Amino acid sequence: MLKTLRLSFALKNTYRVNSILYAVKQLPLLGRVIPGTVYQIRGFKIFANVISVIWEIVSAFLGKYLYFLLMIGGALSLYGLPGEEAGQAFLHVLVFLSLAGMVLNTYMFNPTKDKYYAMILLGMDARGYTLVNFFYAIIKVLAGFTLCALLFGLPLGCALWQCLLIPFFVAGLKLLMAAYALRDYERRKRVRNENNPTGPFWVFVVLCLAAAYGLPFVGICLPTAASAAVMGAGVLLGLLSVRRILTFADYRLMYKELLAGSPLVTVQMGSEATAKVQREQSLKNISVDSSITSGRKGFEYLNELFIRRHKKILWRSAKRIALAELAVTAGWLITFRFVPEFRAETNELLVTSLPYFVFIMYFLNRGTGFTTALFMNCDHSLLTYPFYKQPKFILRLFQIRLREIVKVNLLPGAVMGAALALLLFASGGADSPLDYGILFVSVVSMSIFFSVHYLTLYYLLQPYNAGTELKSGTYKVITVVTYLVSWTMIQVKLPILVFGLLMIAFCVIYCIVASFLVYRFAPKTFRLRM
């Protein structure tokens with residue numbers, strides 16, 4: 001086991017070091033002065049190894065800290081609960097978020113490249129490699145959650161034993177989910193991919209999120225004793241699940257199926273069987289109906305065919321989000337009926353906290369999914385033709401695509417804007433009738449901004465290589481900065497009229513600047529990466 005752990009660390013570290021060097025080489029200005037032989041220079045490799053080791057240590061804590069700060073602390077700051085009630089709400093939110101995380105992140109069923117390299121290419125023992133890395137991930141969970149639970153739980157009034165129970169509860173849920181998925185594979189030969197949850201899992205996640213955030217908002221929280229009982233049960237079930245994880249015998253066969261169906265690794269497998277699996281996965285979301293056609297010409301013809309064939313990818317999630325928004329709005333209005341005092345809290349939130357919805361629209365926007373589909377199923381082939389990179393054609397296609405992604409994102413954006421205006425009216429109204437219109441238009445502007453933003457990044461940085469891998473370090477940095485700026489907007493308090501007008505003006509200016517930058521620089525930047 002120790003040898004397997006050492007080899008797995010060496011493999012991950014090598015891949016991570018090369019990724020760090022590649023990302024540094026891609027940075028503007030700095031990348032130009034770094035030689036192409038950077039991978040052979042000992043000093044650079046030592047530097048990258050140091051960063052890799054630091055990141056391995058920091059990753060055990062940083063992600064968990066941000067999780068507690070944003071997902072739990074951010075919600076509690078909105079509730080404004082005093083003393084003991086804050087501790088009760090803390091445990092309530094954490095319990096339901098952990099149940100959702102149990103489904104979305106088990107570590108074992110994430111089809112990463114290091115698993116493919118180790119088990120498929122290098123032929124390492126699949127069982128040993130899986131167990132070593134899975135339990136190492138569990139140890140990182142215990143370390144990170146222990147520290148964060150103490151940092152956040154104790155100041156909120158949680159008992160020491162409750163804070164110490166939290167990490168074992170989270171680890172227990174991951175053990176339980178892993179054992180369940182392994183048993184399901186034994187019985188039905190159905191391998192689970194945690195990056196692509198099925199419908200029932202999504203329903204479970206949505207219900208958990210609604211319970212985590214919605215119930216405290218209306219003054220309902222699990223009693224502290226109930227939260228402790230649930231956590232204790234999670235620990236017990238996790239311990240009982242260890243035996244199945246240790247005795248499971250088909251790790252190699254299971255991972256062959258899991259990795260063969262993953263777009264993260266299929267580009268490197270090269271076999272006919274893998275290519276067939278990849279085509280089948282793609283065809284599930286892309287229409288191959290030969291009757292789909294268009295009466296338009298030029299790039300309009302190309303775009304319309306793309307939109308019609310990818311209707312499931314582009315519009316399905318937007319429609320689902322819009323329906324979820326309508327359901328939440330209906331639930332909010334019903335709450336007004338039975339909890340009248342909730343109206344004043346909602347009105348205060350809407351009147352002064354419109355910037356908060358920048359963060360929400362950031363998550364609802366489908367810009368990254370749209371650009372990924374564009375590259376994988378269109379641009380990665382057409383970028384090999386010189387005519388496709390001429391400035392006038394680039395700007396024309398950019399305008400067409402911008403129109404389409406705005407339409408996709410406009411559905412949930414418009415529903416959100418209309419819902420907020422309705423809730424503002426139902427909760428007591430605004431100081432001026434103009435606020436209703438500004439509220440609606442500003443939320444729509446947020447939707448348009450993110451649409452323009454991600455499409456502009458795609459054209460100016462084109463982050464994918466021919467194997468559809470995300471390779472641009474600059475692109476990753478800007479997306480992280482976008483997230484951080486969106487999150488900081490939670491703390492901003494401005495009247496609807498002031499922030500709404502600023503948002504609308506910013507969106508208009510950004511669209512103009514983005515079009516100019518794409519026309520000026522995209523002929524050089526919109527290309528296939530090596």
Side-chain angles (χ1 to χ4, degrees), residues 5 8-9 11-24 26-27 46-77 90-91 93-98 100-108 110 112-114 132-156 158 163-174 194-195 209 212 264 359 362-363 368 470 472-491:
L5 180 61
S8 65
F9 266 118
L11 179 63
K12 286 182 180 179
N13 189 63
T14 300
Y15 180 78
R16 188 179 294 161
V17 165
N18 289 336
S19 299
I20 291 172
L21 293 175
Y22 181 88
V24 172
Q26 301 302 311
L27 292 175
I46 293 174
F47 168 73
N49 271 282
V50 171
I51 294 178
S52 177
V53 172
I54 293 174
W55 176 248
E56 183 67 22
I57 298 172
V58 170
S59 64
F61 301 97
L62 180 61
K64 280 75 174 178
Y65 178 80
L66 292 176
Y67 170 77
F68 273 79
L69 179 66
L70 303 178
M71 301 296 290
I72 302 177
L76 294 180
S77 66
F90 170 77
L91 294 176
V93 174
L94 188 139
V95 164
F96 283 104
L97 288 185
S98 299
M102 171 185 71
V103 171
L104 298 176
N105 187 12
T106 63
Y107 301 112
M108 183 179 290
N110 184 14
T112 55
K113 286 188 176 181
D114 62 280
V132 163
N133 284 274
F134 177 67
F135 284 108
Y136 174 70
I138 294 298
I139 291 173
K140 289 174 65 177
V141 166
L142 292 174
F145 271 86
T146 297
L147 178 61
C148 293
L150 293 172
L151 286 176
F152 286 85
L154 291 178
L156 292 173
C158 295
C163 295
L164 294 177
L165 185 61
I166 288 172
F168 293 96
F169 166 61
V170 175
L173 291 182
K174 296 187 184 301
E194 67 182 44
N195 295 332
L209 292 177
L264 293 174
F359 188 62
Y362 165 84
F363 279 105
T368 51
L470 188 62
S472 173
T474 307
Y475 182 88
K476 294 177 182 178
V477 169
I478 294 178
T479 53
V480 170
V481 170
T482 302
Y483 168 81
L484 292 176
V485 172
S486 300
W487 177 75
T488 57
M489 298 304 292
I490 295 177
Q491 314 301 324

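Because the structure is a prediction, the values reported are computed rather than measured.
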field: Minimum heavy-atom distance between V95 and F169, given as atom pair plus value
entry: CA-CE2, 4.0 Å
query: What distance do F61 atom CZ and F68 atom CZ have between them, rounded to the nearest 0.5 Å?
result: 12.5 Å
field: Student check: side-chain heavy atoms of L209 and L97 closer than 4.5 Å
entry: yes
- request: Kindly say whether the aromatic ring centers of F168 and F145 come within a distance under 6.0 Å.
  value: no
L91 and I166: CA distance, side-chain angles, deciding distance, side-chain contact (heavy atoms from CB on, under 4.5 Å) verdict: CA-CA 9 Å; L91 294 176; I166 288 172; 4.1 Å; yes
- request: Name the orientation class of the two ring planes belonging to Y362 and F359 (parallel below 30°, tilted from 30 to 60°, perpendicular beyond 60°).
  value: parallel
query: Which residue pairs pass the salt bridge (Lys or Arg N to Asp or Glu O under 4.0 Å) test with at least one member in residues 140-151, sequence neighbours excluded?
result: E56-K140
message: Using the ring pair (Phe, Tyr, Trp, His ring centres under 6.0 Å) criterion, which residues pair with Y65? Sequence neighbours excluded.
response: F152
message: What verdict does the side-chain contact (heavy atoms from CB on, under 4.5 Å) test give for Y136 and V141, after you've listed the backbone C-alpha separation in whole Å, the side-chain angles of each residue and the deciding distance to 0.1 Å?
response: CA-CA 9 Å; Y136 174 70; V141 166; over 6 Å; no
query: With sequence neighbours left out, what residues match S486 under side chain to side chain donor-acceptor pair (under 3.5 Å)?
result: none
- prompt: If every non-hydrogen atom of P167 is compared with every non-hydrogen atom of L142, which pair is closest and at what distance?
  reply: O-CD2, 3.5 Å
- prompt: What pair of heavy atoms forms the shortest contact from C158 to C163, and how long is it?
  reply: CB-SG, 3.9 Å
query: Side-chain contact, heavy-atom cut-off 4.5 Å: C148 with Y67?
result: no
query: So do the side chains of L150 and L164 get within less than 4.5 Å of each other, counting heavy atoms only?
result: yes
Non-hydrogen side-chain atoms of K174 and N105 separated by less than 4.5 Å: yes
- prompt: Are F134 and I139 close enough that some pair of their side-chain heavy atoms sits under 4.5 Å apart?
  reply: no
